[in-house]
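Since this is a predicted model, take the numbers as computed values, not measurements.
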Amino acid sequence: LYPMKIFVKAKPNAHEEKVEKIDDTHYLVCVTEPPQNGLANRGIVRVLAEYFKVSQSRVIIKKGFTSKNKIVEIL
């Protein structure tokens, strides 16, 4: 199962935090944090770690730090 690479569409400043599976490799991740100073990215890592039941250190944003579309690796 792991490691796996997923494509994430980020939705910062959302009303609620959630992970929506679109297909096997594409996910919509909503976080309440704003997209500044890496806050939303940290929120995405935290929410994905909970979703996949792994520690946050095993969730790595590989591409798209400043973009809504990110490539994330789950180790």
What residues form a side-chain contact (heavy atoms from CB on, under 4.5 Å) with [X], not counting sequence neighbours?
X: Thr25; value: Phe7, Asp23
X: Lys68; value: Pro12
X: Ile60; value: Lys62, Leu75

Measuring only between side-chain heavy atoms, which start at C-beta, is [X] closer than 4.5 Å to [Y]?
X: Asn69; Y: Val8; answer: no
X: Lys5; Y: Ile71; answer: yes
X: Glu17; Y: Cys30; answer: no
X: Ile6; Y: Phe52; answer: yes
X: His26; Y: Glu20; answer: no

Listed once per pair and sorted, the ring pair (Phe, Tyr, Trp, His ring centres under 6.0 Å) pairs that draw on residues 56-75, sequence neighbours left out: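 Not a single pair qualifies under ring pair (Phe, Tyr, Trp, His ring centres under 6.0 Å).
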
Distance-only polar pair, side chains of Asn41 and Lys70, donor-acceptor under 3.5 Å: yes

N-O pairing of Glu16 and Lys11 below 4.0 Å: no

Ile22: hydrophobic cluster co-members (side-chain, 4.5 Å):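 Answer for Ile22: Leu28.
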
Inter- and intrachain pairs under side-chain hydrogen bond (donor to acceptor under 3.5 Å, both in side chains), touching residues 48-58, at least two apart: Ser55-Ser57

Cluster check Val29, Leu39: I/L/V/M/F/W/Y, side chain < 4.5 angstrom: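 The answer is no; the residues belong to distinct hydrophobic clusters.
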
Asn13 to Pro34 - nearest heavy-atom pair and separation: OD1-CA, 3.2 Å

